[in-house]
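Note: hydrogens, waters and symmetry copies are ignored here, and every other heavy atom, side chains too, is used. What you see is a predicted model; the values in this text were computed from it and never measured. Numbered from 1 within each chain, the chains take letters A, B, ... in sequence-line order.
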There are 2 protein chains.
Amino acid sequence: MNKEKQMKLEASGWKIGSVDEFLELSQAETEFIELKLSLSQNLKERRQSLRLTQKDLARMIHSSQSRVAKMEAGDPAVSIDLLVKSLFALKTSKKEVAGMLPH
Amino acid sequence: MNKEKQMKLEASGWKIGSVDEFLELSQAETEFIELKLSLSQNLKERRQSLRLTQKDLARMIHSSQSRVAKMEAGDPAVSIDLLVKSLFALKTSKKEVAGMLPH
DNA sequence: TGAATATATGTCGAAATTGACATTTTTTCA
DNA sequence: TGAAAAAATGTCAATTTCGACATATATTCA
């Protein structure tokens, strides 16, 4: 069975392969979490290398110091949107952001 | 004036360089919007090439057809988080996602 | 040291995003 | 064609994320 057909089947519901679907969702969720953590770490490193305080960055993105702290701590209740906005505010290039994705 | 010092100054408030700060925020926002649109387009292409309906994808990410439609339409009221989750659900590799960053 | 600065943590109402639903419009294809 | 399937659009209550604030803890450095 090729991947396309397999995905089609899994998308069709819980009838067959519920275990597989569970495993795949876990995989997607794992990658999602890893991505957020990578963005978090890179944001912290970048801010520090620019010698900006969390308060400084907060002002730049019109947010608060506590939210920046949570971003850098990898708090689950912080969106990728805010992380990416912060990175762009620090003039991170798209290429650099891309480099934060793979392993 | 080097970039580090410039950013530090800008972060300190609206006293000096408010025009510059405005322009830079616009630049960051532009890149952010471009990124979302790129993810949207790639998601649509990917789903279609896998011959999945919006309903299929919606089931896979535990969402709804209308939300998938909005994702693919580049609706501003859709988060990058949901876009990335959707791409990962379609087994998009991190390297492929990295390639979706414009330029 | 210890005072000043920076960061971490918890909470809260407000704002944004969500899934779901109804409906309309478009596309597919027999 | 035209009926069925797919996609687009609008709305809304529920959930999530938000900025802000208070305060605790950690770090810096004179």
Side-chain angles (χ1 to χ4, degrees), chain A residues 4 7-14 21 25 28-29 32-33 35-37 39-90, chain B residues 4 7-14 21 25 28-29 32-33 35-37 39-90:
Chain A
E4 180 183 315
M7 298 192 72
K8 186 78 178 178
L9 279 176
E10 286 163 0
S12 71
W14 300 86
E21 181 173 354
L25 272 188
E29 283 163 12
F32 179 79
I33 292 169
L35 169 57
K36 281 181 67 170
L37 288 179
L39 295 176
S40 292
Q41 293 165 193
N42 277 278
L43 175 64
K44 180 165 193 170
E45 290 168 10
R46 178 162 273 265
R47 174 186 63 78
Q48 287 178 332
S49 78
L50 289 168
R51 311 226 178 261
L52 295 171
T53 66
Q54 293 182 342
K55 208 172 172 184
D56 288 336
L57 175 55
R59 256 192 297 250
M60 294 173 74
I61 61 174
H62 306 294
S63 183
S64 62
Q65 177 268 326
S66 60
R67 189 133 294 270
V68 171
K70 278 156 195 162
M71 265 197 276
E72 294 181 351
D75 189 315
V78 172
S79 69
I80 288 183
D81 294 66
L82 192 58
L83 285 164
V84 170
K85 280 180 184 171
S86 301
L87 285 165
F88 282 154
L90 295 183
Chain B
E4 181 183 316
M7 299 192 71
K8 186 79 179 177
L9 279 175
E10 286 163 1
S12 72
W14 300 85
E21 182 174 354
L25 272 188
E29 283 163 12
F32 179 77
I33 291 169
L35 170 55
K36 280 181 67 170
L37 288 179
L39 295 176
S40 293
Q41 293 166 193
N42 278 277
L43 174 64
K44 180 165 192 170
E45 291 167 9
R46 188 166 189 85
R47 174 186 63 78
Q48 287 177 333
S49 78
L50 289 168
R51 310 228 179 259
L52 295 171
T53 67
Q54 291 182 343
K55 209 171 172 184
D56 287 337
L57 175 55
R59 256 191 297 251
M60 294 173 75
I61 61 174
H62 304 294
S63 184
S64 61
Q65 177 268 325
S66 60
R67 189 132 294 271
V68 171
K70 279 155 196 162
M71 266 197 276
E72 294 181 351
D75 189 316
V78 172
S79 69
I80 288 184
D81 294 66
L82 192 58
L83 286 164
V84 169
K85 279 180 185 171
S86 301
L87 286 165
F88 282 155
L90 294 183

Quiz item: Which of these, A:I33, A:L39, A:L35, sits in a side chain to side chain contact (heavy atoms under 4.5 Å, CB included) with A:L37?
Solution: A:I33
Practice problem: Could you point out which residue of B:L83, B:L82, B:V68 forms a side chain to side chain contact (heavy atoms under 4.5 Å, CB included) with B:L43? | Solution: B:L83
Find the distance [X]:[atom1] to [N]:[atom2] and express it as a whole number of Å.
{"X": "B:L57", "N": "C:dT18", "atom1": "CG", "atom2": "C1'", "result": "15 Å"}
{"X": "A:D75", "N": "C:dG10", "atom1": "CG", "atom2": "P", "result": "10 Å"}
{"X": "B:E72", "N": "D:dA7", "atom1": "CD", "atom2": "C1'", "result": "9 Å"}
{"X": "A:L52", "N": "C:dA6", "atom1": "CG", "atom2": "C1'", "result": "13 Å"}
{"X": "B:R51", "N": "D:dA6", "atom1": "CZ", "atom2": "P", "result": "13 Å"}
{"X": "B:R59", "N": "D:dA7", "atom1": "CZ", "atom2": "P", "result": "12 Å"}
{"X": "B:I80", "N": "D:dT17", "atom1": "CD1", "atom2": "P", "result": "14 Å"}
{"X": "B:K55", "N": "C:dG19", "atom1": "NZ", "atom2": "P", "result": "17 Å"}

Quiz item: Could you write nucleotides 19-30 of chain D as a row of B, S and -, 5' to 3', where a protein heavy atom under 4.0 Å of any base atom gives B, of only sugar-phosphate atoms gives S, and otherwise -?
Solution: BBB---------
Quiz item: With sequence neighbours excluded, what pairs up with A:S63 under the side chain to side chain donor-acceptor pair (under 3.5 Å) test?
Solution: none
Quiz item: Who pairs with A:S64 by side chain to side chain donor-acceptor pair (under 3.5 Å), at least two apart in sequence or on another chain?
Solution: A:S66
Quiz item: Which pairs pass salt bridge (charged side-chain N to carboxylate O under 4.0 Å, His left out) with one or both residues in residues 74-89 of chain B, sequence neighbours excluded?
Solution: none
Quiz item: Quick check: does any side chain N or O of B:S40 sit under 3.5 Å from a backbone N or O of B:M71, one acting as donor and the other as acceptor?
Solution: yes
Quiz item: Any side-chain heavy atom of A:L90 within less than 4.5 Å of one from A:L52?
Solution: yes
Exercise. Name all residues meeting the side chain to side chain contact (heavy atoms under 4.5 Å, CB included) criterion together with B:A69; count only those two or more places apart in sequence or in a different chain, and write none if there are none.
Key: B:Q54, B:Q65
Self-check item: Non-hydrogen atoms of A:L57 and A:S86 that approach each other most closely
Solution: CD1-O, 4.5 Å
Practice problem: Determine the contact category for A:A77: base if any of its heavy atoms lies under 4.0 Å from a base atom, sugar-phosphate if only primed atoms, P, OP1 or OP2 are that close, otherwise nothing. | Solution: sugar-phosphate
Exercise. Please work out if B:V78 contacts a base, only the sugar-phosphate, or nothing of the nucleic acid, heavy-atom cut-off 4.0 Å.
Key: sugar-phosphate
Quiz item: With sequence neighbours left out, what residues match B:R67 under salt bridge (Lys or Arg N to Asp or Glu O under 4.0 Å)?
Solution: none
Quiz item: NZ/B:K44 to CD/B:Q41 distance, rounded to the nearest 0.5 angstrom?
Solution: 9.5 Å
Exercise. Could you check which of C:dA6, C:dA8, C:dT18 has an atom nearest any side-chain atom of A:T53?
Key: C:dA6
Practice problem: Compute the angle between the rotation axes at the two ends of the helix from C:dT1-D:dA30 to C:dA30-D:dT1, each taken over five pairs, rounded to 10 degrees. | Solution: 50°
Self-check item: Neighbours of DNA chain D within residues 40-47 of chain A, by heavy-atom distance under 4.0 Å
Solution: none
